[in-house]
Each structure stands twice: as structure tokens, then as C-alpha cells.
**Student:** 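Structure below; questions to follow.
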Amino acid sequence: MEIASKYDSYGVEDKWYDYWMKQGFFHSVPDEREPYCIVIPPPNVTGVLHMGHMLNNTIQDILVRRARMLGKNACWVPGTDHASIATEAKVVAKLREQGIDKASLTRDEFLEHAWEWKTKHGGIILDQLKKLGASCDWERTCFTMDDGLYDSVIDVFIDLYNKGLIYRGIRMVNWDPKALTAVSDEEVNYKEVNSKLYYVRYKVEGTQDEWITIATTRPETILGDTAICVHPEDERYSHLRGKRILVPLLNRSVPMIFDEYVDREFGTGALKVTPAHDINDYNLGLKYKLEVIDTFNPNGTMSEAARLFVGEDRFVVRRKITEELKNNGHIVKIEEYTNKVGYSERTDEVIEPRISVQWFMKMKELSKPALDMVEDDTILFHPAKYKNMYRHWMANVTDWCISRQLWWGQRIPAFYLPNGEFIVAKSKEEALAIARSKTEYRDAEITLDDLKQDEDVLDTWFSSWLWPISVFDGIRNPGNPDINYYYPTNDLITAPEIIFFWVARMIMAGWEYRKAIPFKNVYFTGIVRDKQGRKMSKSLGNSPEPLDLIRQNGADAVRVGMLLCSPAGNDLLYDDALIEQGRNFCNKLWNAMRLVKGWPVDDSLAQPEVNKVSVDWFNSAFNASLLNINALYDDYRLSEALMAAYKLVWDDFCSWFLEMIKPAYQQPIDRPTFEAVTGYFEKLLKVLHPFMPFITEEIWHILAERGSTESIMLSLQPVPDGYDQSLIDKFVFAEDVIMAVRNVRKEKNIPQKESIRLFIRKNNNEEPDTTFDTLVGKLCNISELGYVAEKVDGSVSFIVGSTEFFIPLTGTIDIAEELKKLEEELTYTTGFLGKVMQKLGNESFVNHAPAAVVDVERKKQEDAASRIRVLEEQIRGLKVQQQ
RNA sequence: GGGAGCAUAGCUCAGCCGGUUCAGAGCAUCUGCCUUACAAGCAGAGGGUCACAGGUUCGAAUCCUGUUGCUCCCA
């Protein structure tokens, strides 16, 4: 049967994926084997696969497949995240397209739409992962809003609340006065706008004509001022220490405060402090215990608290109050000014910072053990440099705002009583029971209807931080067999930008709820960028469509291409050439298979000497390389492990080994060599399988008859055996000889088909090594290989190490050219020797450097000297001939 | 503004406790080859003051200091 000379992944990949699924090879249940577990970083449920996912999930699949082939019980738990902000925004947008305003819907109606959206678009991304070859245990697929996971989140909230770790607090949020909702930081677009900087003078209390001038871009907030702040070292204002200032128009008396926060260079160096309407002012307010006066209504009009302009819009008021201030002699000057203003992504309305009541989680206590476990390498980061970042954040951790003004998510289980008190409980019924037993409503007639559940949902990360536990139902059933077996998981593959949002918090949750780390290693992937180094994004349109890439090149090629250039923590600059390299490698493998499959085997044939040494050498080369690959895996240097395997296959196996043992055209191969070759081929396929699962399965099945339920993915990785370093070294010498002969052929235009003779001059110092003579003979098409004591006249010569080789030639030899080459070589070697001698002549070096280093230099000296002797002798000989 | 990291061949990177893996790998480039597995290939070749300036040392890509340039995270 003719096998195509180009590997075509089309059909092959689906065939094997279906096969693996049908056989249930990805499914894992606890047994007596050592577990190996990865939980997927759950992608957004309605997201689609992008290049970053491809890289991240390729790495996970490599680790999982390898663990499986190391005999471990490997389990990769897939799933998706409800991604409350992103998903709710998508649903809102979709409803808007249909002419439905979210505000016109009840919570339940909206959620119905959301679930409908989730059902329609959810899980697409997981199907895409299948195309990549991901060996996830699909029977364990989880979603953060599945009942069990939802309940786990609620249980944890209640538990932490009862432990006093969750509290209600005040926080500045980005308020959209048009949508009447808080929006997340991610939903605020900052734009540069031309505005004005108003210099306004405030009277110092108790003086007739003493003033302090401040600069502000927002005069309408003056009505909410509760202090004036200057830098403590600013001498212009030092005389105001202890004084009070009168807010213009209201004549409210506010304190002077002194804080280093103030930028002395900006404006007049004096700052009005409005804690209700600016985050920095709010922080100052906290520090100096200032009054907070919220002068705005939720819709952006002035509130009663403003006392003036009540009910008028903030921008109208800006104009009016400026006039008013002018009339009263408070405006000093007005400058043109450019600043950044936040706009709501949804409504394009100017965002108003607004004080609001939110739910918080205390972090200090939980962060301590989480920091320690990374510091002392109980959990390892790859690369380790991210420990610094982690340490810095954990040391400066602030409380976590866990409430979000959204509907899509886990609703906060707090129930408010008519008196404003609240009860945290699993359900309204439970809350009612508690109310009846513990509160002032003990004896009152209150019903379920009197309780109102908190409108907010929890931050998405408040469910993802439990992910490694909740996917095994370890919150609700802490003793169940799955959690006991799979937890702690082994490796987490994620991006450094969510080290705090997610990684750190999983470590905290793990300690809080399991008294154990959630994972042993964290592997940080980089960002996939385009050739210009720009982050790939939909809006830039600079990202290739992952599924197209897979269709066109095969998943194996894409996996190899992406991984080859992405060491842990480094960004990957995507280039189509990478995928091409992967594809070429697939083809190389494919053709190696074609070659080996095409050899007739003759059982009566004895194994020729050349094949025997070749097999011996490859055995050593393979084992040395395998050892190296395993070490690289242990260090999580997957890119390098792949590169080592790539070179082992391409260079050592294909370019050398197969050429070494390749029978002459249409000649059979002996049985022992054939068995050895196919044996190593299989081992190589196994080494490659984690990187390129499909083609290795395909070739593995072509290479030999396999049972109907067999798979390379269930086979065991080859175990490194001993290797003979001296054999490898000797081969390197033989390689040099072979390459030198090839060069001679090239220079002298001698075709490979034409056989030549090769003579080796015996070195006086040592016995020549003849191990690879037959090999040199075969690969260089040598008709006679002999050892001589003297140089051979009428031949081209070359030197490897300090051994001379001669190839007798019938044609004339260009002596002048040979001389030139030799003399160049001599100059170089003499220079080299000079440097070595200089070093050895330096007494300090000889005295201070370790003996081994000095010995190395002495050896260099010897080698160079003997090489020089040989060169000089050759030059002398040629010169004689020349005359 | 606070913190962290990076700078080595055209590109992407590796180079540990300073010394034979010391200037490397892959890709790209150039030159030959359609040699019966593979032109998605084979055989070769060229290419780097290791950002800059100091210092420590017998010895620095490697350690220290400063300068410059870039990136990321937090505010």
C-alpha cells in the first residue's frame, strides 16, 4: 500500500479523539495508583477559544498526558466560569438589541434570559478544546453556577461571616448616574478631555481678609467639602496650622489638614477635600476622620445635603456655581486644562465616584499562611520570579470587596429585617427562624415577606477561589472519596496577571477549608502577542482563529509550534512560522515511519557490524537525551523538553541513526536491527505523545498491529537506561570525520556515488579508535579505509582533533589553496595557544584557580601544541611538493 | 506615585554556585543539491564588544554600583 509522502491530519485527529472518548480513556476514578490532578482555569462560560487558551490548555494536556504515561491516575477536571460581569454585560447587550431594557425586567425574568444565553453559548469553548486534543475528564465537567458549586459558595460565605471574616463596609464605587448602577473598574473608559481648572479662594475662619486658594476641576463638589489639605512641609501654608476654613457660599467651617499626599506642584498646592466624591479624598477622610457629605442623588442631581441647587444636574450646577462664586469674589482665575475623565462603557455617561455599602472580606488573617506556603516553597512558582510579586501583594493585602451590583451570580445570602438589621443564612426560611429566635422580632408576627434578600451577587472570584475544592464537592462533603484522593492537586497552569485575583485566593481557601495547599506547582504562561508584540485581541483583529489553524495544520502542529517558543512566564510572539515548524516536524515523523515501514526484513541476515555499533550508539544517545528531557520536565521547562525531543528525533534518529542503518536501495534489513529501530521508534513516539497526541497515536498504530482497545496514551513512558558517554564522545569524533569528508567531496566536486579511499595517520600518542570505522566507511562511501604511519602523497588531507586524514585523489590538488587553509588554521591555533600560555604563565591564576581548572588549561595547551605540530608538518610537506 | 522584571546572533530564547557545553539552540538568511523516506527535504556556511559606564576578582555574559531603554503589576 502506498502511503502519502505528506502527513495529513485531516480525519486522523477526529478519529482518535472519538476513539479515546469511546474507550473512556480520559475518565478517572480514585484507585490505588498515585493521583495526578489538574483543575482547568475555568474559561468564561460563553467565551470562545483564543490563542491564550490554546497555549494554556496545551500545557495542561502535556502535563496530564505525561503523568498518565508515568503510571499515575491522571485527572484533568474541565469546567467553565459564570463570569458575572462579562456574561451579564453580554446578556444586557443582547436584550438591548431586542429592545428590552434590563431595568424593565424583574430579577427572575432577567436570570431566565441569562440562563437561556448560557445554555445557547455555554460550553462551546469546551468543545473547541476537544479539537486541540485536550484529555479532560469530561464526565467531571463543572460550572461555577451548578447547584453544588453554587451552594458551596453560599456555605462558605455564611461560614466566613460567622467567623467574623466577612463584614459590611463603605467603599467608593464607579457609579453610572444614567444606568443607576455601579460599574466595575473594567467597564470604565478613561478619555482625555479639555476641561478647566478653577482657582477658588476660601476664607480663613476668624479673619477679615485672609484667604487660601485651591485648584479644582469640579467646583460643583465644593458643597461637599469637609477639609482643606496641604503638604506638611509646604511653607506657604505653615501659618495655617490649626486654623479652620470657610467653605464658600455655605460658610461651613472645615479643618485645615496636612498630608504628604498633596502634590505641592499642582495648582496652588492646596487641595479641597470632598470625601464623598473622590476616592483619594475619601481615603484622606478616613485617615483624618472627616465628615462625609454626599451632595449628589443617584441620578447625578444635587441632593438635599448640598443645600444649594438641590435637584439640578451636576453639570448645570458646575456652570451656575462658577457664576455664583465669581459674583461673590471667590474665583481667582480659570485655566484651560486637560485631564482624564472616566466614562461608562455602557452608557457613555461620566462616571461619578460614589460611596456605597458593600460586603468585604478580611484578608490579613488568611493571607499569612498563604504567603508562608509560597515563601517556603511548599508551593512552587515557575518561574520563581513571580514569588516577588506575590510577596509584595500579600504583604500589602487589603480587604476584598466581594459584592457586585449584578444579578448573574451567587446572590448574597443576607436577609434584611424591617428594622434594617440583617441575618446571614442559607435560605429565607432559615433567616426567618433565626429572626424569630434572636432578634427584637422574637415575639412579633413576621413572615417570609418581611424579609428582603440582599440584591447583590458575589464577585466571580468568590466562586473561583474555591474551584479546586468545589469541583470535588469538598466544601459540602469534606470527607468524600474524590476530594480525599485528588486534593491537593498537582499543577496549576495560569497567567501571571491573575496571581492575586485567583492564585493567592485559592491558596487561602485551600488552607481555610482543607488545611492543605490547593496545588503543588503553579506554572505561569505568558501572553500570546502578535509579531509586533501587541496583545492579541478581538478589537485589534490581530489574532488568528485557533480552530482554523487546527483545521489547516493539525492540532499537533499548532501545539508544537506554540510551545516551542514559550518558556514559562515569557510572552509568546505568535508567528505563522511557528506552526509551520510544527507541521514540518509532523511530516518528518511521518516520513520516518514511511521509511521504516518500507523495509523488507530478512530473518536469515546476520546483523552487520555497522548496524550493531549504530544501535549501540543510538541506545546511548537516546538514554542520555531521555534523562535530559525528564530533568527538563522536572524543572517545568516544557519548551526545552520539547526542543530536546525534537532534536532527538530529527537529528539523532532521522538524520543519523536511520541513515546509519538504512539498507541499500531495495535491500532487506536484518531482523535484530529492524527490531531495534522499531523499538526506539515506539519509544520516541511515547516521548512525543504528550506534545503531539494525534500523530503519535496514528503512527503507533501503523507501526505494529495493535488491539482494538489499545492506545499509546495508556502506554508507559520509556524509563531511562544507562548510557555510555565514551561511546557518545567517540561518535562525535566520527561525526566530525564524516562531516570533513563531506566537505572534501563538496569542495572537490566528488559525487557521493563515487567511492573514495580514506587513510588515517596513526597518532604516536594513542591507539586509534576504530569503533565507528565501518560507519564512516558506509556513510562516506569509502572503498578502502586504512591506517598509515606516514602522510599520503597526492591526497587531500584534513585534521580532526590532532589526527590526520588523507583522501588520495586522482586529479591535481591545488597546493596553494591547501596551504592557505592550513596557514589560516595555524595562525588561529597559535593565537589560541598563546592565550592559554599567557594564562598558565600568570602565577596568580595558577595559585588561585582550582586545580581542575588549571588542568583543563594544561590539556588545552597540549592539544593545541600537538595540533600545531601536525599543521606545521603538513605545511612543510606541501611546500616541498610545491617546489 | 509605589513595586517587580528584562536587555545575549535578523527573530524567539538558553546560559545554575564567576573558570571546556562559553559565547550556544531553534527559526530566519546565504551557498550547493529534485541523492529512491521526507524540497514541509538533504549537505554545508556566515552571523553577537553578551545595552552602556565603572567596580570587585588571577579570571565577569554571569557578582556589585550607576546610566539608558523596554515591559508588567498595583494606585
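On a predicted model such as this, the values are computed, not experimentally measured, just so you know. In what follows, chains are A, B, ... by sequence order, proteins preceding strands, each numbered from 1.
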**Student:** Kindly say if A:Lys662 contacts the phosphate of B:U35, meaning a side-chain N or O under 4.0 Å from OP1 or OP2.
**Tutor:**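 Negative; the distance criterion is not met.
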
**Student:** Which is true for A:Gln752 with a 4.0 Å heavy-atom rule: it touches a base, it touches only sugar-phosphate, or it touches nothing?
**Tutor:**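 If one applies the 4.0 Å heavy-atom cut-off, A:Gln752 turns out to touch nothing in the nucleic acid.
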
**Student:** Counting just side-chain N and O atoms, does A:Asn388 come under 4.0 Å of either OP1 or OP2 of B:G5?
**Tutor:**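 A:Asn388 to B:G5 OP1/OP2: side-chain N or O found under 4.0 Å.
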
**Student:** Can you check the A:Glu735 CD to B:C42 P distance for me, whole Å?
**Tutor:**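 Computing the A:Glu735:CD to B:C42:P distance gives 15 Å.
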
**Student:** May I ask you to say what A:Arg637 touches in the nucleic acid, namely base, sugar-phosphate or nothing, with a heavy-atom cut-off under 4.0 Å?
**Tutor:**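 Sugar-phosphate only.
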
**Student:** Taking any heavy-atom pair under 4.0 Å as a contact, classify A:Lys597: base, sugar-phosphate, or nothing.
**Tutor:**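 Nothing, no nucleic acid heavy atom in range.
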
**Student:** Expected output check: what is the dot-bracket annotation of RNA chain B, where ( ) and [ ] are pairs inside the strand (brackets for crossing ones), | is paired with another strand, and pairs are Watson-Crick or G-U under 3.5 Å?
**Tutor:** (((((((..((((.....[....)))).(((((.......))))).....(((((..]....)))))))))))).

**Student:** How would you label the contact of A:Tyr646 with the nucleic acid (heavy atoms, under 4.0 Å): base, sugar-phosphate, or nothing?
**Tutor:**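 Since only primed, P, OP1 and OP2 atoms lie under 4.0 Å of A:Tyr646, the category is sugar-phosphate.
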
**Student:** Between B:G3, B:C42, B:C74, which one does the side chain of A:Phe501 approach most closely?
**Tutor:**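 So the side chain of A:Phe501 is nearest to B:C74.
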
**Student:** Looking only at side chains, do A:Gln725 and A:Asp729 share a donor and an acceptor under 3.5 Å apart?
**Tutor:**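 Looking only at side-chain atoms, A:Asp729 and A:Gln725 do form a donor-acceptor pair, the distance falling under 3.5 Å.
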
**Student:** Considering every strand and a 4.0 Å limit on heavy-atom distances, what is the contact class for A:Trp650: base, sugar-phosphate, or nothing?
**Tutor:**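 Sugar-phosphate, backbone atoms only, no base.
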
**Student:** Regarding A:Met593, tell me which of base, sugar-phosphate or nothing describes its non-hydrogen contacts under 4.0 Å with the strands shown.
**Tutor:**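 Touches nothing.
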
**Student:** Could you tell me whether A:Glu640 contacts a base, only the sugar-phosphate backbone, or nothing, with contacts defined as non-hydrogen atoms closer than 4.0 Å?
**Tutor:**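 The residue A:Glu640 makes sugar-phosphate contact but no base contact.
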
**Student:** For A:Arg742, answer base if it contacts any base atom (sugar-phosphate contacts may also be present), sugar-phosphate if it contacts only those atoms, and nothing otherwise; contact means non-hydrogen atoms under 4.0 Å.
**Tutor:**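 It contacts sugar-phosphate atoms only.
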
**Student:** I'd like to know whether the aromatic ring centres of A:Tyr386 and A:Phe381 sit less than 6.0 Å apart in this structure.
**Tutor:**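 Not under 6.0 Å, so no.
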
**Student:** Within the 4.0 Å heavy-atom criterion, would you say A:Phe500 contacts the bases, only the backbone, or no part of the nucleic acid?
**Tutor:**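 It contacts sugar-phosphate atoms only.
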
**Student:** Set out, in order, the CA-CA distance, both residues' side-chain angles and the distance that settles side chain to side chain contact (heavy atoms under 4.5 Å, CB included) for A:Leu371 and A:Tyr390, then state yes or no.
**Tutor:** CA-CA 8 Å; A:Leu371 174 58; A:Tyr390 183 83; 4.2 Å; yes

**Student:** Under 4.0 Å between any heavy atoms, over every strand shown, what does A:Ala592 touch: base, sugar-phosphate, or nothing? Just pick one.
**Tutor:**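 Base contact.
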
**Student:** Base, sugar-phosphate or nothing for A:Lys6? Non-hydrogen atoms, less than 4.0 Å.
**Tutor:**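 Contact class for A:Lys6: base.
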
**Student:** Run A:Glu862 and A:Lys859 through salt bridge (charged side-chain N to carboxylate O under 4.0 Å, His left out) and show every step you take.
**Tutor:** CA-CA 5 Å; A:Glu862 257 171 52; A:Lys859 176 86 170 73; 5.5 Å; no

**Student:** What N/O pairs connect the protein and nucleotides 55-65 of chain B at under 3.5 Å? Give each pair on its own line.
**Tutor:**
unit_1	atom_1	unit_2	atom_2	d
B:C58	O2'	A:Asn842	ND2	3.0

**Student:** With sequence neighbours excluded, give me every side-chain hydrogen bond (donor to acceptor under 3.5 Å, both in side chains) pair touching residues 493-505 of chain A.
**Tutor:**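 Sorted result for residues 493-505 of chain A: empty, none.
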
**Student:** Any side-chain to backbone donor/acceptor pair from A:Asn781 onto A:Lys753? Under 3.5 Å, distance only.
**Tutor:**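 Indeed, once roles are kept as given, a pair shorter than 3.5 Å links the two residues.
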
**Student:** Counting the atoms with a prime plus P, OP1 and OP2 as sugar-phosphate, which does A:Lys647 contact under 4.0 Å by heavy atoms, base, sugar-phosphate, or nothing?
**Tutor:**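 Contact class for A:Lys647: sugar-phosphate only.
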
**Student:** Rounded to the Å, how far apart are A:Asn584 CG and B:A37 P?
**Tutor:**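 Whole-Å distance recorded here is 19 Å.
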
**Student:** Using a heavy-atom cut-off of 4.0 Å across all strands, would you classify A:Glu659 as base, sugar-phosphate, or nothing?
**Tutor:**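 If one applies the 4.0 Å heavy-atom cut-off, A:Glu659 turns out to touch a base.
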
**Student:** Looking for any heavy atom pair under 4.0 Å, which part of the strands does A:Cys654 touch: base, sugar-phosphate only, or nothing?
**Tutor:**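 Here A:Cys654 touches the bases of the nucleic acid.
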
**Student:** Quick one: A:Asn743 CG to B:C33 P, roughly how many Å, whole number?
**Tutor:**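 That distance rounds to 16 Å.
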
**Student:** Checking contacts here: which listed nucleotide (B:U36, B:U31, B:G26) is nearest the side-chain heavy atoms of A:Lys746?
**Tutor:**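 So the side chain of A:Lys746 is nearest to B:U31.
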
